[in-house]
Amino acid sequence: MAILMTDQQKDELNDRGFIILENVLAADEVDTISQAIDEVVARVREARDLPDNVALGIRNGLVYHDEILNLLDRPDILSMVVDVMGWNIHNRDSIVIVTMPQGPDDDPDQMPLGWHFDYEEEFAGSTVDGTMPIIDFKVGWYISDHSEPGHSTTLVVPGSYKWTPRQRATWEQWIDPDDIVSIDVPAGSAMLWRPTLLHGVTPNLTQNIRKTVQVSYTPRWIRPSGHIEQDPDLIARSSPVRRQLLGAMGNLMNPLGKDVANNPNSQYWFTDDWDNVPLKAWAEQRAAPGPPDWGTGHGVSHTKGPGFKFTQRTVPRK
Ligand SMILES: O=C(O)CCC(=O)C(=O)O
């Protein structure tokens with residue numbers, strides 16, 4: 001069974017491609033994270049010599065501040081991410097996004113981030129029918145109030161992750177503007193989404209700075225993209241689950257497993273030391289009774305544990 005995600009949420013994710021959870025963060029948490037973003041932005045502007053009116057998208061942004069990093073493994077949202085992606089995951093990248101109010105000379109129709117499907121070209125060929133796979137999954141955290149009229153928001157086209165390559169190439173000719181959904185949510189809300197949806201960002205026509213954090217989760221057998229390896233000191237002071245999500249293994253002595261000569265197994269793929277993937281035990285402790293249901297919300301036919309052996313070993317005879 002799933003840990004937290006309901007059947008209705010799974011259906012939404014497998015139909016529209018996103019679910020919205022309003023007010024996940026309490027007001028004081030929003031304030032704390034908002035202040036942390038301000039601190040990070042001031043630091044980055046100074047270090048990169050950037051003027052105050054320039055928008056920022058700070059890659060690997062989670063690690064710039066512990067209060068932002070806490071978004072990586074909040075048990076409520078992490079449970080849902082595991083329900084969708086399974087436990088063999090880590091963080092691919094994170095972006096702290098800050099969109100400034102438009103200046104008087106800016107074009108109010110110009111999107112600060114244009115329409116796109118994430119990694120359309122990079123993922124090409126990974127499915128037989130051309131629809132985009134869910135090998136990367138995003139949690140968008142809305143830290144400023146996105147329900148304020150005119151505030152910069154994420155726009156998505158529900159279901160567009162299922163489009164064929166031809167539809168992806170021609171959508172501008174036939175899109176119905178009514179099919180576009182604007183994520184107008186209060187501060188502290190989250191969107192769990194397939195980033196292969198067609199999406200973009202509206203201009204900021206308010207006087208308030210837009211703040212959002214996008215956190216990507218991907219299987220451990222896919223390399224991260226906003227970093228190669230995280231700072232060893234950060235890993236050393238992190239909990240086991242956070243260490244996994246930061247891309248580290250519990251037992252770095254045996255990255256190819258315990259029997260390198262006869263049975264080399266990248267521990268990012270097939271672990272023989274469950275301490276390398278503490279998220280598995282974490283998830284199993286929390287899951288409702290019954291067969292585990294994680295992995296795009298459709299479940300798996302069986303689970304492996306220490307001493308796992310294949311049991312179906314008979315050749316069927318006519
Ligand atoms: O800022 C947003 O709401 C969306 C960011 C985005 O386009 C992305 O993460 O690919």
Side-chain angles (χ1 to χ4, degrees), residues 13 16-22 24-25 30 33-34 37 40-41 44 54-64 68 71-72 77 81 84-85 91-102 106 110-124 132-158 160-161 163 168 171-172 175 180-206 208-218 222 224-227:
L13 205 55
R16 286 153 60 89
F18 64 99
I19 56 175
I20 303 288
L21 300 162
E22 290 201 356
V24 178
L25 301 172
V30 171
I33 297 168
S34 184
I37 292 177
V40 168
V41 165
V44 167
V54 169
L56 288 180
I58 304 168
R59 301 284 304 279
N60 196 23
L62 279 180
V63 304
Y64 281 66
I68 307 178
L71 294 173
L72 177 65
I77 297 300
V81 172
V84 175
M85 296 292 283
N91 173 226
R92 177 183 65 80
D93 196 5
S94 54
I95 321 178
V96 172
I97 298 171
V98 167
T99 314
M100 308 310 290
Q102 281 225 333
D106 293 333
Q110 188 74 33
M111 297 166 74
L113 188 56
W115 290 104
H116 61 286
F117 311 84
D118 283 1
Y119 12 78
E120 185 188 8
E121 193 173 353
E122 289 78 5
F123 284 10
M132 300 293 272
I134 190 171
I135 51 182
D136 188 64
F137 189 58
K138 270 189 186 165
V139 178
W141 290 97
Y142 296 99
I143 305 303
S144 55
D145 178 10
H146 284 61
S147 64
E148 182 189 12
H151 198 70
S152 174
T153 60
T154 318
L155 299 178
V156 295
V157 181
S160 51
Y161 80 91
W163 287 354
R168 290 200 295 271
W171 64 270
E172 276 176 287
I175 192 88
I180 297 170
V181 171
S182 175
I183 310 301
D184 303 337
V185 287
S189 303
M191 173 166 75
L192 275 59
W193 60 299
R194 295 172 177 263
T196 48
L197 281 176
L198 179 61
H199 63 282
V201 177
T202 63
N204 191 358
L205 306 178
T206 69
N208 293 319
I209 299 173
R210 175 185 196 232
K211 295 176 191 170
T212 173
V213 182
Q214 297 286 338
V215 183
S216 291
Y217 299 83
T218 197
I222 291 181
S225 67
H227 60 282

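Note that ligands are numbered from 1 as they come in the structure, with each ligand's atoms numbered from 1 the same way. Heavy-atom basis, side chains included; hydrogens, waters and symmetry copies ignored. In this text the structure is predicted, and so the values were computed from the model without any measurement.
Relative to atom 5 (C) of ligand 1, the option among Thr153, Ile97, Val213 with the closest non-hydrogen atom is Ile97. For atom 7 (O) of ligand 1, the nearest non-hydrogen atom from the set Met191, His199, Lys138, Lys211 belongs to His199.
Taking a cut-off of under 4.0 Å to the non-hydrogen atoms of Gln214, the atoms of ligand 1 that pass are 2 (C), 3 (O), 4 (C), 9 (O). Remark: ligand 1 atoms within the under-4.0 Å shell around heavy atoms of Leu113 are 5 (C), 6 (C), 7 (O). Shown in contact with Thr154 at under 4.0 Å from a heavy atom are these atoms of ligand 1, numbered in order with element: 2 (C), 3 (O). Short contacts between ligand 1 and Val201, defined as distances under 4.0 Å to a heavy atom of the residue, involve ligand atoms 1 (O), 2 (C), 3 (O), 4 (C).
Using the six-membered ring where Trp is involved, Tyr119 and Phe123 have ring planes that are parallel, under 30° apart on the 30 and 60° scheme.
Phe137 is linked by a ring pair (Phe, Tyr, Trp, His ring centres under 6.0 Å) to nothing, counting only residues two or more places apart in sequence or in another chain.
Taking only nitrogen or oxygen atoms, main chain and side chain alike, Asp118 reaches within less than 3.5 Å of ligand 1. For ligand 1, the polar-atom distance check finds an N/O of His116 within less than 3.5 Å of one of the ligand's N/O atoms. Checked against a 3.5 angstrom limit, the closest N/O atoms of Trp193 and ligand 1 fall outside it.
Applying side chain to side chain donor-acceptor pair (under 3.5 Å) to Lys138 and the options Asp93, Asp118, Thr196 leaves one that passes, Asp118. In summary, of the residues considered (Val30, Ile33, Ile77, Ile68), a side-chain contact (heavy atoms from CB on, under 4.5 Å) with Trp141 occurs for Ile77 alone.
Between the side chains of Arg92 and Ser225, at least one donor N or O lies within less than 3.5 Å of an accepting N or O.
Looking only at protein heavy atoms, the nearest one to atom 1 (O) of ligand 1 is Arg210 NH1, 2.9 Å.
Although no hydrogens or angles enter the test, the distance criterion places a donor-acceptor pair under 3.5 Å between the side chain of Asn204 and the main chain of Thr99.
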Which side-chain N or O atoms in residues 182-195 pair as donor and acceptor under 3.5 Å with protein atoms at least two apart or in another chain?
{"unit_1": "Ser182", "atom_1": "OG", "unit_2": "Thr153", "atom_2": "OG1", "d": "2.9"}
{"unit_1": "Ser182", "atom_1": "OG", "unit_2": "Asp184", "atom_2": "OD1", "d": "2.5"}
{"unit_1": "Ser189", "atom_1": "OG", "unit_2": "Asn23", "atom_2": "N", "d": "3.1"}
{"unit_1": "Ser189", "atom_1": "OG", "unit_2": "Pro186", "atom_2": "O", "d": "2.7"}
{"unit_1": "Trp193", "atom_1": "NE1", "unit_2": "Gln214", "atom_2": "OE1", "d": "3.2"}
{"unit_1": "Arg194", "atom_1": "NE", "unit_2": "Leu13", "atom_2": "O", "d": "3.0"}
{"unit_1": "Arg194", "atom_1": "NH2", "unit_2": "Asn14", "atom_2": "OD1", "d": "2.7"}

